[in-house]
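To start, the structure under review is shown below, and the notes come after it.
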Amino acid sequence: MEVSSRYITIKTHVQGSAYESDFELKVVSLGRSAEPGSDEIILRNLFVSIDPAQINRMKSYSSSQKSVKTESGIIPGQPIQALGVAKVLVSRHPEFVKDDLVVGFIHWGDYSVQKVEMLRKLEPTIEFPLSYHLGVLGFNGLTAYVGLFEICKPRKGERVFVSAACGSVGIWWVTLLKEKLGFDDAFNYKEETDLKSTLQRYFPDGINTYFDNVGAEMLEAAIANMNKLGRYTDIGGKRGAPNMIDIIYKRIKIHGFIGTDHSNLHSDFITTTIDYIRSGKIKVLEDISVGLETIPSAFTGLFHGHNVGKKIVKVADE
């Protein structure tokens, strides 16, 4: 027996910015059977994560495609792999049975055929919405947790600046900072014409730690306002800043990282985050679109600040 499966793909490799016209919806027939002992299972996709880093996989070349296993280049016309939550439809693998809920790498589509090594079974006892496993309890949350507690380690009295604080990682960083160190103020970069002057106004005594989600002009403005021996942590931005000479003269420490490099902290991260959610210390903020066909607009909107909180697309009901 076969089913029709829709999926979103790119028409050609993306050059520069991504536009909705770069994407198309395709339909394929998918068999609903698996061989005994197969390490592949068939999934009904429920939620898919929409992340700006996907832009690098859509290009004909990006350094990340060779540096990170899960960031391999996307072939035009082929399904796009992304983090998601799904329900097992067909399995002949002993560790997964029909109707199990899983999180891991699936596709921007109705269904996925995936190797079990790319998936993790969700515990049915966790009482939170499934979408949380793509944000606050997922890779973005882990990235924020690692960045705060293992990389930057801001101390009481230090001045910390987080860019894209309404995004999927930045918003958790701000929440954790508010809980640990206190949180003072925020501004809308879209309303500011001179970012260097804006940061000087908000940080008259300079910035000790900068957590960067943006790059480009925001990065240059932050570096210009950082103190000597400041710490700059980067998890990805559009591009580097044209003027970075202050990094040398201010002896600023740069640390780039990927959350999955610190999988040994996953258990601590989950325990801490669940406690924070239950106690109300973390207010989960999600931006969920409904329908597979909304993925192109959801993705391109990330680069124009259209989302508030973790961007997710709901593909199907549980």
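Just the heavy atoms: all of them, side chains too, but no hydrogens, waters or symmetry mates, feed the values below. In this chain, numbering begins with 1 at the start of the sequence shown.
The two residues T233 and C152 come nearest to each other via the heavy atoms OG1-SG, 2.7 Å. Across all their heavy atoms, E158 and N208 have their closest contact at CA-OD1, 3.4 Å.
Of the N and O atoms on the side chains of N140 and K310, at least one donor lies less than 3.5 Å from an acceptor on the other residue. Looking only at atom types and distance, the side chain of S112 has a donor-acceptor partner in the side chain of N45 under 3.5 Å away. Looking only at atom types and distance, the side chain of K311 has a donor-acceptor partner in the side chain of S289 under 3.5 Å away.
The distance between the ring centers of F211 and F161 does not fall below 6.0 angstrom. Side-chain rings of F303 and F299 approach one another, their centers coming within less than 6.0 Å.
At distances below 3.5 Å, not a single donor-acceptor pair connects side-chain atoms of S62 with backbone N or O atoms of K59. Between the side chain of K121 and the backbone N or O of E95, at least one donor-acceptor pair lies under 3.5 Å. Not one N or O on the side chain of K314 forms a donor-acceptor pair closer than 3.5 Å with the backbone of S131. Judged by distance alone, the side chain of R57 and the main-chain N or O of Q81 form a donor-acceptor pair under 3.5 Å. Judged purely by atom type and a 3.5 angstrom limit, E117 has no side-chain atom pairing as donor or acceptor with the backbone of D39. Between the E150 side chain and the G147 main chain, no donor and acceptor come within less than 3.5 Å of each other. Between the side chain of R251 and the backbone N or O of L229, no donor-acceptor pair lies under 3.5 Å. Counting only distance, with no hydrogens or angles, the side chain of D268 and the backbone of L265 share no donor-acceptor pair below 3.5 Å.
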Next item on the list: Take L89 and Y111 through the test side-chain contact (heavy atoms from CB on, under 4.5 Å) and record every step on the way to the result.
Entry: CA-CA 9 Å; L89 189 65; Y111 299 90; 3.7 Å; yes
Item checked: Intermediate values then yes/no, salt bridge (charged side-chain N to carboxylate O under 4.0 Å, His left out), R278 and E127 -> CA-CA 10 Å; R278 286 173 176 163; E127 70 271 26; 2.9 Å; yes
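For the side chain to side chain contact (heavy atoms under 4.5 Å, CB included) test with L134, the passing option among V103, I50, I288, D51 is V103; the others fail. The side chain to side chain contact (heavy atoms under 4.5 Å, CB included) with F23 is formed by just one residue from the set T9, T300, I295, V14; it is T300.
Salt bridge annotation for K196-E220: present, with a cationic side-chain nitrogen under 4.0 angstrom from a carboxylate oxygen.
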